[in-house]
Amino acid sequence: MLNEALTSIKGIGPTRAERFAALGLFTFSDLICFMPREYRDYSRVTNICDLKQDDYAVIRVSELGSPKTVRIPRSHLTVTTVSVSDGTGRLQATWYNQAYAAKNVPTANGGYVIGKFDKRRGMKLLQPVFTSVIPGIQPIYPLVKGLNQSIIRNAVRIALNSCRDEITDELGESIRKEFSLMPKADALENAHFPQDAASLNAARRSIAFEDALLFTIMLAYIRSLRSREKGISFDVTGIKDEFLKLIPFALTNAQSRIIDEIACDMHSSAPMNRLIQGDVGSGKTVLALYAMYAAMKNGYQSALMAPTEILAQQHYKQLKSIFGEKAAIITGRQTKKQREELIGKIAEGKVTAVTGTHALIEGDVKFRNLGIVITDEQHRFGVQQRAKLGSKAATPDVMIMSATPIPRTLSLILYGDLDVSILNDMPPGRIPVNTKYVPQSKRIAMYRYIEKTVQEKGIQAYVVCPMIEDNEEMESVNSAEAVFDELSEMLSVRVALMHGRMKNAEKESTMEAFRRGEIDVLVSTTVIEVGVDVPNANIIAIESADRFGLAQLHQLRGRVGRGNMESYCFLLSDSDSKLVRDRLKTLTETNDGFKIAEKDLEIRGPGDFIGTRQHGEVSLGAALGADMNTLLEAHEAAKRIMKEDTPDCRRLIDKAKQKYERSYKDIAIN
Ligand code: ADP
Ligand code: MG
């Protein structure tokens, strides 16, 4: 049954199956492993008089009004309400654009209503559901259009029931005992349908442990395969000194240290697989230039992949200054003829240092002797894409540069297949971004300030929002579309909108227009995160900043302060929680990305960081929800198991390979 298609579940036809497919769910087994994104505790009744903002609550219904639906003038909204009292207070169960919900309101008193309490605009219970029993802890799954929680929950229930006997314990009895893990079938049951908080925690820990263990084993295995491959041994004698004469500044200590590490890797006959992490602006490009220069001096070509056209152009400028005629750029915009000519030159080895976007790895580009491949802003490049580029030569060195600082402890786990260098100081003279916490009450004043500064100083501003469009489940969050509408109306400067659902060409042309100064305020989602350089953009305002991880906020803040004027980052939040405010205050106190990442890890756990390794890459699956201790424990256990080389160990390696088969094949090529 594990491989049974979802369409064999009653109520799931081809159309609905497509929605499930959009979530990566095709079989019963996929469903069973599909972990809830969060849980809501509906296991106890709360009195209305004791409710706190944003509580998910179960309210006993002792008095019930009749539903009313009104249309809000000049908007697409209809609001349906029904008044509920429990004897301690009264509130309005409220639905937006779901007039049909009124049909499901019971006609008699008694029973319960569950939902999210919001007191900001009257006493409201949002997303209300009437029920005759207390529901207990409810799983909340990631959704796509066309699915809702109960459709998914029912499907999971059916899949679990039909497969229960087929779920096997991969880890074996002894590991399970040693680390007090639940049997797999119980763990899955409780992760989807928790009995109580304690069994939920134990279940999540058990599942995360297993995922993290297999993940670690797989990375260690890949690493051991790679170290047996034969790469190029470059002669690096004297190259650093030569290179230093070509660049206009002195290296920072960290840059110098990492160049030595790169030189050492390049000299070694095993292929380099190094990840370089450095905050935005810490000067990673020069490290790439060094490696490309060393390759050229040895008669090899090099490739530098950028995630966007704009970044590739920025790199190309620098390549020209060092490699002159031997530098080249391949983009998606060149004419067929230009491209063919360039491809010819690359194949003949007439150009040595090549940069570009995805166009660089498309089928027809063949290098004569590619010595090193560098990817910039790695999180936009999947393992698969790197593998494609890697396969264009025997075994080139691979270097990955990332601006996402990850705490050391965690990066040992996440990047166990790579050597990691940390660029932990900054070039001199950078003015830190002035970061301020802005409460809801000062929001409008802040936008007025931005308008005034734009008009008086001719600077530009970013406004970043956590979501593209409004979503009733997150009523308090300002979406990019809503803020764009609001600011277009309110401000007398040029406002534009950019988000991830726009076509690439459209995004790039908007970004281009912003760069040329034809847009004053760019409202966007986090699509601006990756290394774009607009020196005239001096202000960034981040809406609902509490929705982001600190590391991500820091990353966003790195978009400004690239010129030599003073720059500002405004963190907006309407949360009245002290915890939230304190968390955001970390950013107002330090500019060190690694310190911020440590703090983030401490407060929010490793999930956010692991998430950054997900885009088209090897995913840690359920370990996303794990705490740091579980990850470390699993990591230690994996290391021990790898050393033991027992039948248990070989079985787990096989299991890990099977689980990560697709990604593993890709990784193994490069
Ligand atoms: P990132 O790590 O974000 O890719 P870049 O490599 O783009 O950073 O460097 C940011 C800026 O700092 C560039 O303008 C670069 O020329 C400059 N820079 C890099 N290293 C140094 C240094 N050691 N001294 C002075 N300026 C430097
Ligand atoms: Mg960069």
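Values in this document were obtained by computation on a predicted structure and should not be read as measured data. Just so you know, ligand 1 is whichever comes first in the structure, and atom 1 is the first atom listed for that ligand.
For ligand 1 and Thr252, the ligand atoms under 4.0 Å from any heavy atom of the residue are 23 (N). Under a 4.0 Å criterion applied to the non-hydrogen atoms of Thr285, ligand 1 contributes the atoms 4 (O), 5 (P), 6 (O), 7 (O). Distances below 4.0 Å separate heavy atoms of Ala250 from the following atoms of ligand 1: 22 (C), 23 (N), 24 (N). Distances below 4.0 Å separate heavy atoms of Pro427 from the following atoms of ligand 1: 18 (N), 19 (C), 20 (N), 21 (C), 22 (C), 24 (N), 25 (C), 26 (N), 27 (C).
Residue-level proximity to ligand 1 for Pro248 is absent, since no heavy atom of it falls below 4.0 angstrom. The part of Gln255 lying near ligand 1 is the side chain, judged by heavy-atom distances below 4.0 Å. With a heavy-atom cut-off of 4.0 Å, Asp279 touches ligand 1 through its backbone alone.
Annotation: Lys345, atom NZ; neighbour count of heavy atoms from other residues, nucleotides and ligands within 6.0 Å does not exceed 12.
At a 4.0 Å cut-off, not a single heavy atom of Gly278 sits close enough to ligand 1 to count as contact. For the ligand labelled ligand 1, residue Gly281 lies inside the 4.0 Å heavy-atom shell.
Salt bridge annotation for Asp235-Lys297: absent, with no cationic side-chain nitrogen under 4.0 angstrom from a carboxylate oxygen.
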Exercise. Before giving the answer on side-chain contact (heavy atoms from CB on, under 4.5 Å), spell out for Val373 and Ser302 the whole-Å C-alpha distance, their side-chain angles and the decisive distance to 0.1 Å.
Key: CA-CA 6 Å; Val373 175; Ser302 54; over 6 Å; no

Self-check item: CA sep, side-chain torsions, deciding dist, call: Leu410, Met628, side-chain contact (heavy atoms from CB on, under 4.5 Å)
Solution: CA-CA 8 Å; Leu410 195 54; Met628 200 55 206; 3.8 Å; yes

Quiz item: When you look at Phe514 and Tyr462, which way does the ring-ring contact (aromatic ring centres under 6.0 Å, His included) test go after all the steps?
Solution: CA-CA 10 Å; Phe514 187 63; Tyr462 296 103; 5.0 Å; yes

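For residues 310-330, no pair satisfies salt bridge (charged side-chain N to carboxylate O under 4.0 Å, His left out), with sequence neighbours left out.
At under 3.5 Å, not a single nitrogen or oxygen of Val286, backbone or side chain, sits near a nitrogen or oxygen of ligand 1.
In terms of the ring pair (Phe, Tyr, Trp, His ring centres under 6.0 Å) criterion, residue partners of Tyr293 (sequence neighbours excluded) are, by chain and number, Phe243.
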